[in-house]
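What follows is a short report on a single structure.
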Amino acid sequence: MLWKIMRPRWWLARRQWLALPRRRQFITALFALLIVGGAGWLYFRLVAALTGPLGSLALIAVVPGALTGLLFFALIQLADTLYQLYLAPDVAFLLAAPIPPAQLFLAKLLECTQAVWLPTLALGLILAALGAAQAAGWSYYLLALGLVLALAFAATAVGLLLVMGLARLIPPSRLRAWLPVGFAVASLGGITLQQLLLGRLSRWGGAVQVLAEAVLKPGQLAAVTGAAAALALVFVATAGVLFARTYRGAYSELSVVPTQRRGPRPFLARLVDDLAGLFPPVQRQIVAKEWLTLIRDPQRLVNLVLVPVLMAVLLVPLLTDAQAAGGLRALTFWLLLVYAALFGLNGAQGAALTAFLLEGRRLLLLRQAAVPLNRLLWAKLWAAYLPAALVWGVVLALYGSFIGLPAWQCVVLVLAAAAGLFGTSLIFLLVGALGADFNVTVARPKLGSAAVWLSWLGLFLGTLAQLAVVALTSWLVLTLGAGTALAAATRLALSALPLPAWPGWLLPLAALAVLAGVGAAGGQLWQAARRRLETWEPGQD
Amino acid sequence: MIQTERLTRHFGALAAVQDLDLAVRPGELFGFLGPNGAGKSTTLRLLAGLLRPTAGTARIAGHDVQTAPLAAKRATGFMPDEPVLYERLTGREFLRFVGGLYGLDEARIADRAEQLLSLLDLTARAEDEIQSYSHGMRQKIVLCTALLHQPQALLLDEPLSGLDPHSARRVKDVLRDFCQRGGAVLLSTHTLEIAERLCERVGILHHGRLIAVGTMDELRAQAHSAAGATLEELFLQLTGGSAVAAVAEAL
């Protein structure tokens, strides 16, 4: 029975592979080879490090990456378990079939292990390298394999227990909606954790050495493996009991999202109504719809906020170093300007590119209504641009104040970010309109493989727009703020560089020319996007 | 009110609709029948301005769908075969959104939304997100959007599919009332009993061509059938499905 349940997945995987075009098959095979090659390279590097003067202490270098990786994989595993248990399309079918609960549980347990394959492989690699470095006997490898497998099953069972427990409290589909928030927090936590660990690596030396030595003694490794196996058995058995007792009931009760709301309209929805009311009539409702769906979609909200916050977190160590360096302190303005442009490009891509991608088949609604499509494009642009500009403005202003930048520098940063974001949002919105698949019922926030060239075009034009804005802002700051400490520090820093003596007007002129070029390309893209929206037909690619 | 002249649409080598001449008068509820793939949905999409005809013309309330698309769309309410909705909007927000697309002011949208939600028994769930709606509720909210801007013509693709008897009755009443006020309805359906009872005239489309059109009596005459022949019998006879009926009877 277990094989019968699992078999369709094998068929599907095989059929998907066979259905891939030759080029995609080649790329996938190449990717698989790269993973295998990367694992091999890592193995030999580890063996070399472990046989070097540091011995097993060399494993300390792996600690920050391993702990951060574990954090991410734990979340990926939770998401995958949630999907396999409650949201996968085959669940309803399996539950309706006369399958004994124990068989169903084992099938789900095996399916859920796929999320831990990669960390299992990494752990196996480390143990194998440790064994090779110490010329361990065959019993070591056998026990190490047992340990890895036991840990994989224990981790999977813990994931099942956690998800089944959580699903008793929160409906699975709502849980899935809020997972991106978990990922965002984990990303920020992971980066902070890594920075903290890098500063305190030496403290891990003792623990790592004790662990490595314990693993290398056959008697101790046997005890560790036995304990891990017992732990795995206990977790799997507990998960099995919980599955048998609660799964069917939880699935039937919790698959439906109760969204009935009573009482006054929530504050944010009222705020959206008021703000959208500032737009002309037809655009008003499109903007309101975009913003209402944004504030109710945790994933899109996270995407909006994560990039600027990530930039701020990533800059912390750099700014700490700059503070220590003293003289470089004044130059943090440039760092923020360039980072905001780089990350802003990514932020605009997330917000504006998806404006049409997420419509999918719902474009029918907009096409069948009496809406001039130019107005639709403008409404979509404002709806995507303004929240992104607001978030970037707030983050930059707060961060600038926090690190003690003068108020005028904060204002310039916010204005430059707003200008750069406008250009890139416009380009990515149009790229999205040109490349979106409007036939899909479940729209995805990514361009299909057929529209990759559009993605590159957007990236190229967006980068040009951001570079031009940075160049123009730099020229304005150095010209209009010539007497400021920032300008003086910048001139001092630049004087140390072997720069050619270009005339002062060349930079702004070049920046304006680039902006004009991007604007002209944007105009062409606008016309092309409008034509596509006007002439698109259901069923047409 | 709804008129097509030699309307034709090809998809590559396939003629989905071929030389279709159709006229639905003001106040008329016209049933559009045909086997799967006959071209019903394509015709409705051509009339709604979602597809461009390969040849011929389509007019709604006198406006050519190709040359005056905005005027034609303002006069049309369209309900596609599968509801197209924004899951994270509430029912009332969705109506506001669609009302805005048709240029209605806020006060009018609010009035019309209230009337329609009440008429189709959706008031109690109007503040819930659409993702929690059943299939029938989704059908009804889409019908609300089709009626919201008080169009002169309605194009409905399977409007009664998935509705419980109570809701189906309400929708039928709404459509009859719409026609009594002078509106024209072109309704595509597979449920022949509904077409027989609800529609004044019926058109049968087969392989993209209109093979029969008229009242029940006129159809019987065209098919040389007995006076008591049902629409199902006429349909099977005209579309060559009598063999299927025999097999079904044997089963």
Side-chain angles (χ1 to χ4, degrees), chain A residues 171 173-174 177 256-266 269 272-273 276-277 279-298 300 358-373 375-376 379 438 441-442 534-540, chain B residues 9 11 16 41-42 44-52 69-90 92-106 109 124-134 142 145-146 148-149 151 155:
Chain A
S173 44
R174 186 159 288 177
V256 179
V257 185
T259 53
Q260 290 204 5
R261 205 176 56 214
R262 297 288 173 261
R265 193 163 164 72
V272 165
D273 291 344
F279 288 86
V282 173
Q283 291 179 29
R284 180 180 307 159
Q285 295 305 340
I286 299 171
V287 171
K289 183 273 286 182
E290 293 287 326
W291 288 348
L292 284 171
T293 49
L294 172 70
I295 62 172
R296 288 171 191 161
D297 187 341
R300 287 177 63 199
L358 289 175
E359 287 293 348
R361 202 169 165 270
R362 287 175 289 225
L363 186 73
L364 276 174
L365 257 179
L366 303 165
R367 276 288 311 278
Q368 79 195 38
V371 187
L373 291 167
R375 287 199 209 171
L376 171 67
F438 296 125
T441 312
V442 182
E534 267 172 7
T535 55
W536 172 82
E537 296 185 340
Q540 187 190 59
Chain B
R9 171 66 203 221
F11 290 107
S41 294
T42 302
L44 292 182
R45 286 175 172 185
L46 283 164
L47 284 162
L50 294 171
L51 294 177
R52 276 159 295 153
L70 293 187
K73 285 174 179 180
R74 276 190 203 102
T76 311
F78 176 55
M79 183 176 178
D81 49 349
E82 283 173 45
V84 183
L85 298 154
Y86 290 96
E87 303 283 325
R88 289 189 186 273
L89 293 186
T90 66
R92 198 184 298 277
E93 285 167 354
F94 185 63
L95 292 184
R96 279 179 66 189
F97 166 64
V98 176
L101 295 183
Y102 282 87
L104 270 60
D105 62 52
E106 293 285 335
I109 294 175
R125 299 293 304 273
E127 305 305 331
D128 294 345
E129 287 179 25
I130 289 173
Q131 61 178 329
S132 69
Y133 283 15
S134 66
V142 175
T145 61
L148 190 68
H149 58 289
L155 307 170

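Letters go in sequence order (proteins before strands), and every chain restarts at 1.
Contacts of B:Leu104 with chain A are absent, with no heavy-atom separation under 4.5 Å from either backbone or side chain. Neither the backbone nor the side chain of B:Val142 comes within contact range of chain A; no heavy atoms are under 4.5 Å apart. Using a 4.5 Å cut-off between heavy atoms, A:Glu359 touches chain B through its side chain atoms alone. For B:Arg45, the part lying near chain A is the side chain, with the backbone staying farther off; criterion is any non-hydrogen pair under 4.5 Å. If you measure heavy-atom distances from B:Glu106 to chain A, the contacts under 4.5 Å come from the side chain alone. Residue A:Arg284 touches chain B through its side chain alone, counting heavy-atom pairs closer than 4.5 Å.
When every heavy atom of A:Pro538 is checked against every heavy atom of B:Leu51, the shortest pair comes out as CD-CD2, 3.6 Å. The shortest heavy-atom contact between B:Leu50 and A:Arg367 is CD2-CB, 3.6 Å. Minimum heavy-atom separation, A:Leu366 to B:Phe97: CD2-CZ, 3.7 Å.
With chain B as the partner, the residue from A:Asp297, A:Thr441, A:Leu364 showing the most heavy-atom pairs under 4.5 Å is A:Asp297. Your options are B:Glu82, B:His149, B:Arg88, B:Arg74, and the one with the most heavy-atom pairs under 4.5 Å with chain A is B:Arg88.
Note that CG of B:Leu101 is 8.5 Å distant from CG of A:Leu376, once rounded to the nearest 0.5 Å. Taken from OG1 in B:Thr90 to CZ in A:Arg296, the straight-line distance is 6.0 Å, to the nearest 0.5 Å. Rounding to the nearest 0.5 Å places OG1 of A:Thr293 at 10.5 Å from CD of B:Glu129. Here the CD-CG distance, from A:Gln368 to B:Leu155, works out to 9.5 Å after rounding to the nearest 0.5 Å.
For A:Arg362, the CZ atom sits in a packed shell: over 12 heavy atoms of surrounding residues, nucleotides or ligands are nearer than 6.0 Å.
B:Tyr86 is not listed as a side-chain neighbour of A:Leu292, based on a closest heavy-atom distance of 4.5 Å or more.
Looking at B:Arg52, its side chain does come within 3.5 Å of a backbone N or O of A:Thr535 through a donor-acceptor pair. For the pair B:Arg96 (side chain) and A:Lys289 (backbone), a donor-acceptor distance under 3.5 Å is absent. The main-chain N or O of B:Gly99 is never found under 3.5 Å from a side-chain atom of A:Gln285 such that the two would form a donor-acceptor pair.
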